[in-house]
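Contents: one structure, followed by commentary.
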2 protein chains.
Amino acid sequence: MGASYRQFCPVAKAMELLDERWTLLLVRELVTGSQRFNDLRRGLPRMSPSLLSKRLHQLVAAGIVDKQVEGNDVRYVLTPAGAELRQVVESVGTWGVRWIGTLGDEDLDPKLLMWDMHRNVDLSAVDDPPEVVHFVFDDVRGRSRRWWIVIEPDETDVCDIDPERPVSVTVTSGLRDLTRVWRGDTTWERAVRSGALRIEGPTTLRRAVPAWFPPTGLASVVRPA
Amino acid sequence: MGASYRQFCPVAKAMELLDERWTLLLVRELVTGSQRFNDLRRGLPRMSPSLLSKRLHQLVAAGIVDKQVEGNDVRYVLTPAGAELRQVVESVGTWGVRWIGTLGDEDLDPKLLMWDMHRNVDLSAVDDPPEVVHFVFDDVRGRSRRWWIVIEPDETDVCDIDPERPVSVTVTSGLRDLTRVWRGDTTWERAVRSGALRIEGPTTLRRAVPAWFPPTGLASVVRPA
DNA sequence: CGGTATCCCCGTCGATACTG
DNA sequence: CAGTATCGACGGGGATACCG
């Protein structure tokens with residue numbers, strides 16, 4: 001646990017927990033719905049497993065997370081106290097999206113982007129699954145250049161190796177461009193229009209893609225003029 | 001500035017700034033209205049001046065604070081971006097007051113309590129200033145035992161030495177008891193009724209005291225059942 | 001899959017003193 | 001009042017390897 005501020009103020013008491021590195025991002029993952037250790041890791045790829053383990057213990061000790069073990073199955077679930085941290089995550093995210101527009105190159109991560117997009121696919125918007133969306137980042141070299149998001153009727157997977165299934169649509173762009181679309185800094189439409197992003201495939205499907213990856217909560221936050 | 005999380009997520013980008021120790025408490029002070037270096041210090045007594053200086057520089061660099069110098073007069077004022085952090089401070093405080101009820105002895109601080117109370121006096125509720133409220137913490141020894149809050153028509157001061165002015169009301173309690181009242185963990189009325197807190201003076205004034213120190217925003221947050 | 005164990009470095013923070 | 005200077009300790013956390 002972080003050092004005490006020695007203040008009775010509720011903000012101080014809360015921050016003793018929340019100002020530790022990674023803690024609120026872990027809560028964000030839990031709020032998003034991840035419950036398993038390795039799913040949490042995927043959302044926090046730069047966090048070491050030992051630190052993740054430590055933070056989970058701290059959150060359990062603080063009454064924010066409940067560790068539910070059933071045989072081999074381990075799940076970390078937010079308690080009522082933890083669930084209310086959603087308001088904190090949202091207010092922080094809203095502020096961040098409004099006032100920190102600039103992303104450094106080191107903030108861009110294809111794997112993380114694909115992981116986040118795939119878990120937010122709107123299955124109800126996909127008329128005729130399965131669909132396979134192939135992403136190509138034309139400014140990335142190596143294994144992270146090409147990705148496939150496979151949308152089944154009731155689940156979605158992401159692959160970094162060719163699943164060898166018929167591709168419905170191919171999306172080609174710079175990594176930063178798709179990231180900005182996903183964050184809501186711009187729209188699919190504007191990105192396509194400007195040439196930053198290309199969608200290839202049958203017209204109906206091309207038009208449907210944006211609906212499969214709908215703006216998440218923070219993406220629709222109004223930006224300052 | 002804190003280390004990068006290497007994530008495009010707005011929550012991560014925001015927390016790179018906000019998860020550093022003391023930062024959000026400093027923002028809280030600015031949101032509360034303090035603008036001068038030494039006033040900020042009073043609200044953050046355990047923060048070293050060099051660290052306060054460093055954090056202010058960081059906030060200025062981040063576009064959250066504007067340093068306004070006019071001759072000898074230096075003021076730190078929130079920018080529009082900084083002002084919007086009020087939502088973050090409030091959501092964190094709301095969560096804290098609801099889910100972290102337990103205060104350690106080390107969280108209690110008479111000087112900080114008096115500083116916070118004196119700056120939140122509701123002058124409009126004081127019918128016939130000046131009034132002098134004398135506080136006695138019967139479980140504290142030494143210089144921090146006795147305090148005076150002097151309410152003038154248009155300003156309020158706090159003293160730890162006898163101002164030698166006629167005392168209107170004397171409030172006697174344990175340090176924890178008054179802290180809990182001020183935080184809204186209990187009410188003036190309940191504290192008096194239980195005997196934890198004693199108010200002495202003319203009846204009219206005794207009855208008026210709670211209105212002079214009205215519950216601040218967080219104090220009125222509903223607690224979980 | 002679901003974690004522990006270890007190890008060491010580097011940076012933060014705290015304390016204190018001091019200046020214009 | 002409004003800060004800067006210095007300095008040392010400590011421990012957080014990053015990396016990596018490993019276990020059940």
Side-chain angles (χ1 to χ4, degrees), chain A residues 1-7 12 15-27 29-30 34-62 65-77 106 109 112 115 157-158, chain B residues 1-7 12 15-26 29-30 34-62 65-77 106 109 112 115 157:
Chain A
M1 201 118 30
S4 167
Y5 282 116
R6 317 268 215 111
Q7 295 203 177
M15 287 309 284
E16 288 175 11
L17 279 163
L18 303 180
D19 73 359
E20 286 198 299
R21 190 162 163 76
W22 291 110
T23 299
L24 203 69
L25 300 196
L26 172 52
V27 171
E29 289 303 301
L30 292 161
S34 292
Q35 299 187 328
R36 323 183 68 103
F37 194 86
N38 283 311
D39 282 346
L40 294 168
R41 287 199 65 182
R42 280 184 255 280
L44 303 165
R46 314 210 42 106
M47 186 181 192
S48 77
S50 52
L51 188 54
L52 172 56
S53 174
K54 178 180 176 184
R55 285 286 181 274
L56 284 169
H57 281 290
Q58 290 178 304
L59 292 181
V60 169
V65 165
D66 187 26
K67 178 174 183 174
Q68 300 179 350
V69 185
E70 291 184 18
N72 262 354
D73 195 65
V74 182
R75 288 173 187 277
Y76 297 94
V77 182
E106 73 277 9
D109 181 337
L112 185 55
W115 169 255
D157 287 318
V158 58
Chain B
M1 202 118 30
S4 169
Y5 282 114
R6 314 270 214 114
Q7 294 203 180
M15 287 310 284
E16 288 175 11
L17 278 163
L18 303 180
D19 73 0
E20 285 198 298
R21 191 162 162 76
W22 291 110
T23 299
L24 203 69
L25 299 197
L26 172 51
E29 288 302 301
L30 291 161
S34 291
Q35 299 188 327
R36 322 183 68 103
F37 194 87
N38 283 311
D39 282 346
L40 294 167
R41 288 199 66 183
R42 279 183 256 280
L44 303 165
R46 313 207 48 104
M47 186 180 192
S48 77
S50 50
L51 189 54
L52 172 56
S53 173
K54 179 180 176 184
R55 286 286 181 274
L56 284 169
H57 279 290
Q58 290 177 305
L59 292 181
V60 169
V65 165
D66 188 25
K67 178 174 181 174
Q68 299 179 351
V69 185
E70 291 184 18
N72 262 354
D73 195 66
V74 181
R75 286 172 188 276
Y76 295 94
V77 182
E106 74 276 9
D109 181 336
L112 185 55
W115 169 255
D157 288 318

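We use all heavy atoms of the structure for the numbers below, so side chains are in, but hydrogens, waters and symmetry mates are not. A, B, ... follow the sequence lines: proteins, then strands. Residue 1 opens every chain. Values in this document were obtained by computation on a predicted structure and should not be read as measured data.
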A:Asn38 vs C:dC1: side-chain N/O to OP1/OP2 distance below 4.0 Å: yes
Closest-nucleotide 5' rank along DNA chain D - winner of B:Ser50 and A:Arg41: B:Ser50
Side-chain N or O of B:Lys54 closer than 4.0 Å to phosphate OP1/OP2 of D:dT4: no
Distance below 4.0 Å between B:Tyr76 side-chain N/O and D:dG3 OP1 or OP2: yes
Whole angstrom value for the distance that separates C1' of D:dA2 from CZ of B:Arg42: 12 Å
Pairwise side-chain contact, A:Leu24 with B:Asp19, heavy-atom cut-off 4.5 Å (strictly under): no
Beyond-backbone contact of B:Tyr76 with B:Ser34, side-chain heavy atoms, under 4.5 angstrom: no
Short side-chain N/O contact to C:dT4 OP1/OP2 from A:His57, under 4.0 Å: yes
Under-4.0 Å side-chain N/O to phosphate OP1/OP2 contact, A:Arg36 with C:dG2: yes
d(CG, A:Leu52; P, C:dT4) in whole Å: 10 Å
Side-chain N or O of A:Ser53 closer than 4.0 Å to phosphate OP1/OP2 of C:dT4: yes
Rounded interatomic separation in angstrom, taking CZ from B:Arg21 and P from D:dG13: 12 Å
Residue closer to the 5' end of DNA chain C, A:Ser4 versus A:Asn72 (nearest nucleotide): A:Asn72
Contact summary for A:Pro45 and A:Asp109, nearest pair of heavy atoms: CG-OD2, 4.1 Å
Quiz item: cation-pi between B:Arg42 and B:Trp115, 6.0 Å / 45°: yes
Separation of D:dG3 P from B:Phe37 CZ (nearest whole Å): 6 Å
Atom-to-atom span, CG of A:Leu56 to P of D:dG13 - whole angstrom: 14 Å
Length of the line joining B:Trp22:CH2 and C:dG11:P, which is rounded to integer Å: 23 Å
Touch class at under 4.0 angstrom, heavy-atom based, for B:Arg55 against every strand present: sugar-phosphate
Atom pair distance, as rounded to whole Å: CG in B:Leu44 and P in D:dA2: 15 Å
Out of C:dA15, D:dA15, C:dG3, whichever nucleotide has its closest atom nearest the side chain of A:Lys67: C:dG3
Contact summary for B:Gln7 and B:Ala12, nearest pair of heavy atoms: CB-CB, 3.7 Å
Between C:dG2 (P) and A:Asp73 (CG): distance, integer Å: 7 Å
